[in-house]
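Start at 1 and go down the list; that is how both ligands and their atoms are numbered.
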Amino acid sequence: MRIALACDHGGFRLKEVIKSYLEELGIEYIDYGTFSEESVDYPDFAYKAAKGIVNGEADRGIFICGTGIGISIAANKVKGIRAALCYNVYAAEMSRHHNDANVLCLGGRVIGEELAKRIVKAWLETPFDGGRHERRIKKISEIEKNECGG
Ligand code: RB5
């Protein structure tokens with residue numbers, strides 16, 4: 001599995017922590033930036049990394065801004081992206097079990113490093129349950145088709 005990483009200045013420090021953690025876990029990643037704490041606009045990085053996922057450069061993504069809110073809203077505008085903002089392990093697990101989330105969003109100014117790592121591990125390891133949830137994911141795709149064309 002290859003992970004697309006994206007952040008803004010508010011998520012930069014936590015992104016660096018998550019990068020080292022992915023290395024520890026032996027998981028490949030592509031870092032779509034940003035690469036410092038200089039102020040930038042989170043939609044630019046959400047868009048680049050989200051396109052990387054839908055184009056097949058990466059399988060899933062971990063996107064981080066100050067709260068995780070802006071970057072998740074931006075990511076969810078890209079067709080095929082199901083981004084879940086998670087502040088705890090339970091939400092991270094459920095975002096995989098029920099929603100087949102392909103992007104995990106974190107708030108770099110909201111959660112600590114150790115919790116973030118636990119969330120990431122749970123999210124990476126939890127499978128999608130399928131079944132009735134498959135039907136609901138298809139309905140989300142239908143909304144995308146009706147609202148965004150194609
Ligand atoms: C940047 O100051 C901050 O607004 C951003 O990181 C994020 O929290 C937006 O949702």
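A salt bridge links Glu16 to Lys19: at least one charged side-chain nitrogen sits closer than 4.0 Å to a carboxylate oxygen. Note on Glu57 versus Arg2: no salt bridge recorded, every NZ/NE/NH1/NH2 to OD/OE distance being 4.0 Å or above. A salt bridge is defined here as a Lys NZ or Arg NE, NH1 or NH2 lying under 4.0 Å from an Asp or Glu carboxylate O, and Glu142 with Lys139 fails to meet this definition.
Residues Val17 and Val103 do not share a hydrophobic cluster, clusters being chains of Ile/Leu/Val/Met/Phe/Trp/Tyr side chains in contact below 4.5 Å.
Atom 10 (O) of ligand 1 has its closest protein heavy atom at Gly70 N, 2.8 Å. In terms of protein heavy-atom proximity, atom 2 (O) of ligand 1 is nearest to Arg109 NH1, 3.4 Å. From the protein, the heavy atom lying nearest to atom 9 (C) of ligand 1 is Tyr42 CE2, 3.5 Å. The closest protein non-hydrogen atom to atom 7 (C) of ligand 1 is Cys65 SG, 3.4 Å.
The number of heavy atoms from other shown groups lying within 6.0 Å of CZ (Arg82) is above 12.
For ligand 1 and Gly66, the ligand atoms under 4.0 Å from any heavy atom of the residue are 5 (C), 6 (O), 7 (C), 8 (O). Short contacts between ligand 1 and His9, defined as distances under 4.0 Å to a heavy atom of the residue, involve ligand atoms 1 (C), 2 (O). Near Asp8, with a cut-off below 4.0 Å to any heavy atom, the atoms of ligand 1 are 1 (C), 5 (C), 6 (O).
Side-chain atoms of Ile62 and Trp123, non-hydrogen and from C-beta on, do get closer than 4.5 Å to each other.
At a heavy-atom distance under 4.0 Å, atoms from both the backbone and the side chain of Thr67 approach ligand 1.
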